[in-house]
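As structure tokens, the structure follows; a few thoughts come after it.
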Amino acid sequence: MGNLRKVILAYSGGVDTSACIPYLKNEYGVEEVIAFAADLGQGEELEPIRQKALLAGAKESLVDNLIEPFIRDFAFPAIRANALYEGKYPLSTALARPLIASRLVSLALEREAGAVAHGCTGKGNDQVRFDLAIASLAPQLEILTPAREWSMSRAELIAYGEKFGIPAPVTKKSPYSIDLNLLGRSIEAGPLEDPFEAPPEEVFQITSSIDNSPDEPKEIEIQFEAGNPIAIDGIHMDNVSLIRKANSLAGDYGFGRIDMIEDRVVGIKSREIYETPGLLLLIKCHQELESITLSADVLKTKVSLERQWADLVYQGFWFSPLKNAIDAFIDKTQIDVNGVVKLRLHKGNATIIGRKSLSNSLYLSDISTYGSNDKFEHKFAEGFIYIWGLANRVWASVSKKNQ
Ligand code: ARG
């Protein structure tokens, strides 16, 4: 191992990352652990978390509010990419990892630390995302991953922590593993491990159940500019307020719950529950607006690249040449994605009921109408179909002959 005098640790305040602090010092011989926690809008108070790292023996404990860059540089690009891993998961957890990794790296460079560390286990996706992002940004940095090496159960970890002054968690251990940020919540484990078992209502916190959602539907309008959401019901908002508003609107009406079997990078299928009301709503509206502002061939190409974009982000390749190249394609297309989408929220559904673009609509009523003002030249259809079907007719006549 290289220079392990100083290490920057991604810190969450949980049992694992807390145990990492004494473990790094005692087992790896690290002299100074600098803990770093990010505020990503998870709604947790971060000062107690900052203090806890110090209690656990960190030399310094830093907290950074990264909500604005998280939404601007990670959530909005995901909306522009209509990113849904395996067609379902809008990457709410995955998007946070390259941002945290880049802060770890810049802190390591600023503080001249020889290594960074995280508390991810060997079974998940997050270790892959952290390791790959760190390696792309600063290949010279060593990455320390105690939780991939120790073989302590949760009870053993708590006991280990207590030896070093880390208080045991006060609340009763929930059976669930939860990750949360402003984009949503991810819930795994406990009773959810039976994929045929319906998720108990207690796992949901930011979306209403169908029963508790309002009886009356609500119509809303979302406006986009260059593919970015900018206003809800005509009220312009900054990025973060817009996500918060979309979360509360969609969440109140019970929209944004996902129950899926997901393919992790490490080959495991896992049962995942998500609630990502705002992000899912915005992706749905964005997709709709693209249907009226982008040409058919661009749409078709974009759909296949979107799938790849989501795979890359899920699989840890946020910083990669292919992701950069796909981003360039997407950015080019988004210049035209301007307009408004109207939808109706009701009992878990967000139904699109209208879309318009004042500047970029490719929908022209002159040629699409069935009315009397039709400008479409019907007579050209015959010649078009003659040539369009020529190869097929040749094939049909030859196969008939050979019968
Ligand atoms: N499966 C999701 C992902 O890979 C979430 C992982 C974190 N969730 C958790 N409950 N610990 O992005």
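Whatever order the structure lists them in is the order used to number ligands and atoms, beginning at 1.
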For this session: For the pair Glu188 and Arg264, find out whether any cationic side-chain nitrogen is under 4.0 Å from an anionic carboxylate oxygen.
Result: yes
For this session: Scan for ring pair (Phe, Tyr, Trp, His ring centres under 6.0 Å) pairs involving residues 324-359, sequence neighbours excluded, and state none if there are none.
Result: none
Exercise. Quick one: does NZ or CZ of Arg129 land under 6.0 Å from the six-membered ring centre of Tyr314, within 45 degrees of the ring axis?
Worked result: yes
Exercise. Salt-bridged, Glu32 to Arg111, with N to O below 4.0 Å?
Worked result: no
Problem set entry | Pair Arg185 + Glu275, salt bridge at N-O below 4.0 Å | yes
For this session: For atom CD of Glu382, decide whether the heavy atoms of other residues, nucleotides or ligands shown that lie under 6.0 angstrom number more than 12.
Result: no
Ligand-protein N/O pairs under 3.5 Å (ligand 1):
| unit_1 | atom_1 | unit_2 | atom_2 | d |
| --- | --- | --- | --- | --- |
| ligand 1 | 1 (N) | Glu262 | OE2 | 2.8 |
| ligand 1 | 1 (N) | Glu272 | OE1 | 3.0 |
| ligand 1 | 1 (N) | Glu272 | OE2 | 3.2 |
| ligand 1 | 1 (N) | Tyr274 | OH | 3.1 |
| ligand 1 | 4 (O) | Asn125 | ND2 | 2.7 |
| ligand 1 | 4 (O) | Arg129 | NH1 | 3.2 |
| ligand 1 | 4 (O) | Arg129 | NH2 | 3.0 |
| ligand 1 | 8 (N) | Ser186 | OG | 2.8 |
| ligand 1 | 8 (N) | Glu188 | OE2 | 3.0 |
| ligand 1 | 10 (N) | Ser177 | O | 2.8 |
| ligand 1 | 10 (N) | Ser177 | OG | 3.2 |
| ligand 1 | 10 (N) | Ser186 | OG | 3.2 |
| ligand 1 | 10 (N) | Glu188 | OE2 | 3.1 |
| ligand 1 | 11 (N) | Ser177 | OG | 3.0 |
| ligand 1 | 12 (O) | Tyr89 | OH | 2.6 |
| ligand 1 | 12 (O) | Arg129 | NH1 | 2.9 |
| ligand 1 | 12 (O) | Arg129 | NH2 | 3.1 |

